[in-house]
Amino acid sequence: MNEDNGDFEPKIVGFLCNWCSYAGADLAGSSRLKYKPNVRVIRVMCSGRVDPLFVFKAFEKGADGVLIAGCHPGDCHYQCGNYKTMRRMHVMKKMLEQMGISPERLRLEWVSAAESTRFVNVVNDMTEKIKELGPSPLKEEVASNE
Amino acid sequence: MSKTMKEITERGNAYNCIQCGRCTGSCPSGRECSIRTRKLIHLAKMGEEVFAVPELWECTTCFTCQERCPKDVKTTDMIIEIRNIAVSENYFPTMSEVPKIIIKSLYDTGSGQPLSPEVSKMRSIIGLAKEPFDVGKNEKDLKDFQKLLDILPLMKEVAK
Amino acid sequence: MREYAYFPGCIGKNVYPGIEKATRLVFDTLDVGLRDYAYSCCPPPGVVACYDKESWYTIGARNLALSEQDGLDIMTICAGCYGTLHNVWHELNHNKELMDKVNENLDTIGMSYSGKSRPIHFVDILDSMRDKVKSSKEIDLGFKVAVHYGCHYLKPSDVTGESPEEPTLLDELVGLIGCESVPFKDRLTCCGAGGGVMSGEPDLSLKIIKTKLDNIRKKDVDAIVNICSFCHMQFDQSQKKLKTFDIPVLHLNQLLGLAFGHKQKHLGLHMNLVSNRDLVKKVKMARKVSA
Amino acid sequence: MRVGVYVCHCGINIAKTVDVERVVKEISKLPNVVVCRDYHYMCSDPGQELIKKDINRYELNSIVIAACSPRMHFKTFQSALKSAKLNPYMLEMANIREHCSWVHDDVEAATQKAIALVKSSVAKASHLEPLVENDSPVVPAALVIGGGIAGIQSALDIANAGYKVFLVEKEPSIGGHMAQFDKTFPTLDCAACILTPKMVDVSRHENIKLLTYSEVEDISGFVGNFHVKVKKKPRYVNENKCVACGDCATECRLANRIVSEFDEGLGKRSAIYVPFPQAVPLKYTIDPDNCLFLTRGKCGKSPKCVDVCDANAIEFDQKEKIEEFDVGTIIVATGYDSFDAAEKPEFMFGKVPNIINGLQYERFFAPNGPTGGELVMPDGSVPKNVVFVSCVGSRDKKVGNPYCSRICCMYSTKQAHLTKERSPDTDVTVFYCDVRAFGKGYEEFYERVQGEGVKYRRGLVSEIYQDDEGKLHVRAEDSLLGEPVDIVADLVVLATGVVPKDTTKSLAQKLHISNSPDGFLLEAHPKLRPVDTVTDGIFLAGCAQGPKDIPDTVAQAGAAAAHAIDVLAKGKITIEPYNAVVNPDLCGGCRICEMLCPFDAHHYNEQEGVMEINDTLCKGCGVCGAACPAGAIALNLFRNKQIISQIEAILDE
């Protein structure tokens, strides 16, 4: 599979919490760290704001992967929003599986406001992994329906 | 395995080096001879031909310097890898032929230190088989082993 | 019964076979099975790794691959062999590119290695069965010993997981059989043999070991106890070369063999260049006392 | 919707990697976009003027700025909207600098990504709704956590401005590490002489309530209205009665038998003690871990302290107390710990008495220290050779501290000077790597001390060993000679670095502020907001934020106080309307949201059978909105339709 995906540039939607992960991504920028351009960020106040609807919508609209990033457990600006996300992850992955989408396409990561290098690693690693997985099967479906 | 000085320097975190000398001060060899680990790292960092420096071969690879480096410079790993370059660039440690003899023995018998007739006799005295159970015991094993060595860069270097 | 693949190493079998034998006797006493394989030389870090690392990884991986199908881990009795095999195991498990390259090489002789079979230094096995070691003791040797941790058993710690600045395991192990580990200056420094220095820079190698032997001699010990056949060779042979020393050198398994009541002849004590005569006398006296 | 889009070049910061013209061209094609322009610096006055003019000229009702992070300039552009009489929440920013031009090299990829990001913002902007800000009153009081020099300075500044201050200190006395020092570098001011007057000022100030031997237990609320719970540990001595005569300590059965923390383990104290003679408050405390009566229930026939206390101040039945109060703002000034040199076993710290750390050596010189300020070693002799070991626990990845501690070079230099001052014949060597003499007068001081005969050898110490005669040897490479050296020493001083206090992490969690990777507390912006945290109303002072010397600490403490006063002086805060709102027509009253809300902002209206959300309590995290099965909860500025339109746009080819 790997060799076939040489030219494939995955589209990944990233939901970053305003306080930790978005700030971490900002720091990666001001530190001029370089990473792959495949993740497109949508800012939310808390990872707990990420309605499962958003995730499924993203896949429906052709995303190859979805990244949710929030504060580390215990560090949530809203005390426990990230724990709620953690619990939702399980259900969302199950549902994706039933939809024929590899649950690996959805990731939850903790990135603090200071962890710019961690953000870079997460983005690069996720891009790599999604590349290996190839385009989302849903995407092809969307395309063929059109 | 491509290896260039630049790769070795990067992989060894040598760009982190602050020339504090903790490596040299920890070196048991440096107390008896002229090796200065700090200088070797500095030369590598500056892009000098550190592989041509004879002190490179005075390191016993005890890893004390690497263990103590506050900047995570992989000093010992680097010395070993720079030696690889020295060998491929023909900066052989000329002081002794012994290393070559060891490698030749490794090829011929599977052991770097071969079994002598005297030791063989001693083995039987203490109740061991005269010949140990190893790759050299069975001809097919040894042939396979040599076949493996034949494709490795090691033998090409020794053959030079 | 626990079982391990047994890696005696070139020095242990071809130069000081007493170490190979002592190991077999000791682990037999401890009810640990040892299985033999058609191993080659580890190969030596100082010579082969310094000449070409890829070759070093490949030859090491061939050794690790031999016992993999039987699901056995590999017991080493030499810090050098341990350093090589453990480093190869660690590196291959953390570097897929290297693993692929090595397996491509091994494929020419129809072998492969997955990274499962892992090397263990014999002292770590002893550490996990201290009670058994203690109860197997027949003779209280009562030796004062200088212990020598081989560098490659301890370092680099991010690979070995040991604490190289203040190790205590060996001191504790000799304590289990009634021996006292005597502290001495720079006890953790290198014996001077590694890195190809013994073969490539013999004069330097002798200088390093002489400093070490001087420090040990001040403490008036009965023996130097090591856990590395290569260090063993350096300690023994260099004393002969330096002519001014006569401190008996024992591999830990030889010391354990004595404490377990095995005959000194079977432990190959007489194969050392440094005379063990006084030591053997002490063992005989201790045997009488213990009886 | 009439959207205006403005793409910023940010000089070349954006324009270098993003083809701005192409972005403008693509975005201009979008349906709601009335006008799309690019400009060199959107945040500049002319840039903002451009927006204002367009709003009037084109009757724009929603604005997108494609520039830097909204965390940087959202408020700047909000005010531009305001002055053009447009609701300030009709604004959306696309972050094409931090998230795009700065992190990519490839112009094509970066431009494409920028287009996608701006499209997404335009989509959101097309669904924005005007929002109204509310005000909330500010409690005119501040909490200062930590009573070292940083906390003292902040507390005094705020109190002098006329506001109430609660100063909470964990130890029995305020003063912090500075109270342990003898002299301060480079001026050699006596530390006590400049610190103790401030300590006394704190204790006498009518606006300061001092809570010593106390710890912050819990903090809730938000800027302007924090609710604080403080745990007051029992001193077992009535503070109002104790006159600090000291008879109890003299008579204590454990007199001079307990290791003194203040003397860094070099001196001894009693089980009832004041940490040092100038302590504030000067009230005795019984150490519950050592006191015979408290640990065993029995101390002779009766406790000596009780017997000798004429004031009847001893109260063994004291219990832990919780004190609660409200404040409008908080300053965190919790200081640092000294690195534990035992983590570097090659330096033998703790194994040999004559190997000590920097803080211990400080106590050698202090007149109130264990030697009464004399330079004598435990065996009574004066050291003939003193060796300083720099960077112990600093610039050292092996122990996880990659940073420079900033003070060790200079305190070693100061201590080297003090050594020479006490004993001119003593040979003093400082092993260093780079002498960091960066402050005012520091380089000059370093030069002076070199002139006093202190030997600076370049090289960090590799190991220390003790020879058969018990002499200490310090091994290093003199890197300027390029030779390994072995220096004999009677006394080795390990210049231990600054590490975050062990409680930093848990305190950060209580306050919902962040740590930087080094473990210290994270400022909101490293350059422009060095005393702010990401949480409004919470500020940082001193070494809690990172290693610093006394001048920098005091300066930062003043700055933090100014920011705190700023909050208090306004008297009210504007609550941004990022809150959740319930649509009662959709709400089924299932009350799932109520269980999820960490702020108790949800209340069930039994009569109507629907949920209601309290605007003041709601912080706008949106957890409830994401969970509402009826889709009845909307989060202002992050409404479902807004985010979904973003998702659609960002994935649109």
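These numbers come from the heavy atoms of this one structure, side chains and all, not from hydrogens, waters or symmetry mates. Sequence lines set the chain letters: A, B, ... in the order given, protein chains first and strands last, and positions in each chain run from 1.
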Under 4.5 Å from a heavy atom of chain B, the part of [X] involved:
X        : value
C:Asp186 : side chain
C:Leu267 : neither
C:Thr189 : side chain
C:Pro164 : side chain
C:Leu204 : side chain

May I ask you to check whether over 12 heavy atoms, not counting those of [X], lie within 6.0 Å of atom [atom1]?
X        : atom1 : value
B:Lys104 : NZ    : no
C:Lys185 : NZ    : yes
B:Lys39  : NZ    : no
B:Glu48  : CD    : yes

Taking atom [atom1] of [X] and atom [atom2] of [Y], what is their separation to the nearest 0.5 Å?
X        : Y        : atom1 : atom2 : result
C:Ile109 : B:Ile151 : CD1   : CD1   : 8.5 Å
C:His266 : B:Ile125 : NE2   : CD1   : 11.0 Å
C:Asn87  : B:Phe63  : CG    : CZ    : 6.0 Å
C:Ser40  : B:Asp144 : OG    : CG    : 12.0 Å
C:Ser205 : B:Glu32  : OG    : CD    : 10.5 Å
B:Asp77  : C:Glu91  : CG    : CD    : 8.0 Å

Within residues 7-21 of chain C, which residues come under 4.5 Å of chain B, heavy atom to heavy atom?
C:Cys10, C:Ile11, C:Lys13, C:Asn14, C:Val15, C:Pro17, C:Gly18, C:Glu20, C:Lys21
Find out whether [X] and [Y] are in side-chain contact, i.e. whether some heavy atom of one side chain is under 4.5 Å from a heavy atom of the other.
X        : Y        : result
B:Leu152 : C:Asp52  : no
C:Ile59  : B:Leu106 : yes
B:Thr64  : C:Cys151 : no
B:Thr61  : C:His152 : yes

Can you give me the closest heavy-atom contact between B:Ile102 and C:Pro44, atom names plus distance?
CG2-CG, 4.5 Å
Using a cut-off of under 4.5 Å for heavy-atom pairs, which of B:Pro114, B:Ser26, B:Ser120, B:Ala86 has the most such pairs with chain C?
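Counting heavy-atom pairs under 4.5 Å, the top option is B:Pro114.
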Name the member of B:Leu115, B:Val119, B:Ile101, B:Asn84 that forms the most heavy-atom pairs with chain C at distances under 4.5 Å.
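The candidate making the most pairs under 4.5 Å is B:Asn84.
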May I ask you to name which of [options] has the most heavy-atom pairs under 4.5 Å with chain B?
options                              : result
C:Pro45, C:Cys50, C:Gly194, C:Gly110 : C:Cys50
C:Met271, C:Lys265, C:Glu97          : C:Met271
C:Gly196, C:Ala49, C:Pro43           : C:Ala49
C:Gly268, C:Cys190, C:Pro156         : C:Pro156

Starting from the C-alpha separation in whole Å, work towards a yes-or-no answer on side-chain contact (heavy atoms from CB on, under 4.5 Å) for B:Ser29 and C:Val197.
CA-CA 10 Å; B:Ser29 194; C:Val197 169; 5.6 Å; no
By a 4.5 Å heavy-atom criterion (distance strictly below it), what part of [X] contacts chain C: side chain, backbone, both, or neither?
X        : value
B:Ile80  : both
B:Gln66  : side chain
B:Lys143 : neither
B:Glu67  : side chain
B:Leu142 : neither

Walk me through whether B:Leu148 and C:Met111 qualify under side-chain contact (heavy atoms from CB on, under 4.5 Å).
CA-CA 10 Å; B:Leu148 180 63; C:Met111 289 182 76; over 6 Å; no
Using the rule given for side-chain contact (heavy atoms from CB on, under 4.5 Å), can you reason through C:Ile208 versus B:Glu58, listing the C-alpha separation, both sets of side-chain angles and the distance that settles it, and then say yes or no?
CA-CA 11 Å; C:Ile208 298 173; B:Glu58 293 175 340; over 6 Å; no
What's the verdict on side-chain contact (heavy atoms from CB on, under 4.5 Å) for C:Arg62 and B:Leu149, showing C-alpha distance, side-chain angles and the deciding distance?
CA-CA 11 Å; C:Arg62 179 197 162 272; B:Leu149 289 192; over 6 Å; no
May I ask you to list the residues in residues 131-141 of chain B that approach chain C closer than 4.5 angstrom, counting heavy atoms only, ordered by number?
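The list, in residue order, reads B:Pro132, B:Phe133, B:Asp134, B:Val135, B:Asp141.
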